[in-house]
Amino acid sequence: MFWDEKMEKLPRDEMVSFQEDHLKKMVSYAYENVDFYRQTFNDIGVHPGDINRIEDISRLPFTTKSDLRSHYPYGFCAVPPTDLVRMHASSGTTGKPTPVFHTKKDLEKWIHCMARNCYTAGIRQDDICQIAFKYTLFTGAFGHHMGVERIGAMIIPTSSGQTERQITMMCDFNTTVIHCTPSYAITIAEKMTEMGIGRNSLSLRLGIHGAEPMSEQLREGIEEKFGTIAIGDYGLTELGGPGVSIECPEKNGYHINEDYFYPEIIDPETLKQRPDGETGELVLTTLQKEAVPLIRYRTRDITSLEREKCDCGRTLVRHRSVLGRTDDMLIIRGVNFFPSQLESILLDSHEVSPHYSIHLTKEKMLDHVLVEIEPAPAYWASAADVTKSELKRKIENRLKDLIGLKIKIQLVAPYTIPRSEGKAQRIVDDRQA
Ligand code: DLL
């Protein structure tokens, strides 16, 4: 049941004392080895010796992505470059990538977190795992690869793309676990339909899907199309990649590897901590990193924490599904919402396929949203125009009920919206144009 039973089931008081001990060491280590931390601590008059209890973390300054950017490339490294054994970088397509580095020890700990996560999801030694995250600078494929390898299951490192070949390999080699983004899972499922391959031709039983939000509707769609249980995993390059947290089969929140990453939720405006159960921005502090220690890193991801014991027996704190990033939040005529909130409505209707695109424009100084959705091919081919108009109106009304804003829907022909092989690009922002 457990990869690392002692730590996964550690009583709360023991976890807190473990975290306090590691936080103290981490803060001194960062202060002594990273100029940025020495300077920011000195600026606000905090010395590592002032940090004794876990609550003292709130006295420390935050670290942001722009701090990392302004110290590109090696500014946050606490070790000489000769001690580094691996670099990865964020998947952003504009500007310089945000790099992360690993020492030999970091790599070993990352592997441990990923093995723990993959085991929690349900991977066992006799599984055949097809890794359909892209093998590049992106952390997704390498992280999953190393975790599965540690468990001793077989890996098929297909990477993402070449979807027909991907499916053929799943059939021929009896793949039991697929690792990919939720949106690529949908692309694969759609290609299977095109190829006339049903879920019964596959041996799949489990999917691990991360790197982007997966609404409950999207999860249900994936599970139904593949006949799998779909588990979400979460992480970010700056903290090393996947390996921060994962759902267990209870699907009741993501268990955080809190012996490696200390989580807080803050109000992104006031920067004050928020209590368990309240939604806000996730902030993470590395407790064991050697190459790039990060203190109070603002992930920009919106979620909440739950500390009640999970039915799986793990005591590790959980975060709820990430709603989205603060920088992806849309503010249209004063109403705030995340694309993932629209997704649950858009996918709630069997006439609609799970492909949509959100277009933002500016008209007469006001922001406008138009959501393009693709009806399912069979519906599109057979439904009368009047039925299609009704579907459009029905979805518009549901969206209005959910977010209190009239959002225009446009039905577009099947296969019009570009398919994802990694993280889906759902938003087209033409407001500057
Ligand atoms: O996406 C690492 C990863 C790879 C995680 C594979 C899980 C599986 P980045 O490219 O740096 O790293 O993007 C990190 O993606 O801050 C979130 O906004 C988003 N994200 C990652 N996992 C999830 C998830 C990888 N399960 C950013 N749900 C993060 C929602 C997620 N958003």
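For ligands, and for the atoms within them, numbers begin at 1 and follow the listed sequence. Predicted, not measured: the structure shown is a model, and the values here were computed from it.
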Do [Y] and [X] have ring centroids that are under 6.0 Å from one another?
X: Phe36; Y: Phe76; answer: yes
X: His145; Y: Phe133; answer: no
X: Tyr74; Y: Phe101; answer: yes

Is the closest N or O pair between [X] and ligand 1 shorter than 3.5 Å?
X: Glu212; answer: yes
X: His144; answer: no
X: His209; answer: no
X: Pro242; answer: no
X: Arg325; answer: yes

Verify, without hydrogens or angle tests, whether Glu250 (side chain) and Cys310 (backbone) share a donor-acceptor contact under 3.5 angstrom.
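Absent.
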Contacting atoms of ligand 1, where contact means under 4.0 angstrom from a heavy atom of [X]:
X: Pro213; answer: 28 (N), 30 (C), 32 (N)
X: Thr139; answer: 2 (C)
X: Phe133; answer: 6 (C), 8 (C)
X: Thr237; answer: 9 (P), 10 (O), 11 (O), 12 (O)
X: Gly210; answer: 7 (C), 8 (C)

Residue list, side-chain contact (heavy atoms from CB on, under 4.5 Å) with Pro11, at least two apart or on another chain:
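Here the qualifying residues are Asp13, Glu14.
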When you look at NZ of Lys251, are more than 12 heavy atoms from neighbouring residues, nucleotides or ligands closer to it than 6.0 Å?
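It does: Lys251 NZ has more than 12 such atoms within range.
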Atom NZ of residue position Lys65 - does it have more than 12 heavy atoms of other residues, nucleotides or ligands inside 6.0 Å?
yes
To the nearest 0.5 Å, how far apart are NZ in Lys105 and CD in Glu290?
5.0 Å
Does the cation-pi check pass for Arg296 over Phe62, that is, NZ or CZ under 6.0 Å from the six-membered ring centre and within 45° of its axis?
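Ring-cation test returns yes.
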Measuring from atom 2 (C) of ligand 1, which candidate in Gly235, Pro182, Gly140 has the nearest non-hydrogen atom?
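It is Gly235 that holds the nearest heavy atom.
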Select the closest option to atom 16 (O) of ligand 1 among Leu236, Ile302, Asp301, judged by heavy-atom distance.
Asp301
Is ligand 1 less than 4.0 angstrom away from at least one heavy atom of Lys423?
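Under 4.0 Å: yes for Lys423.
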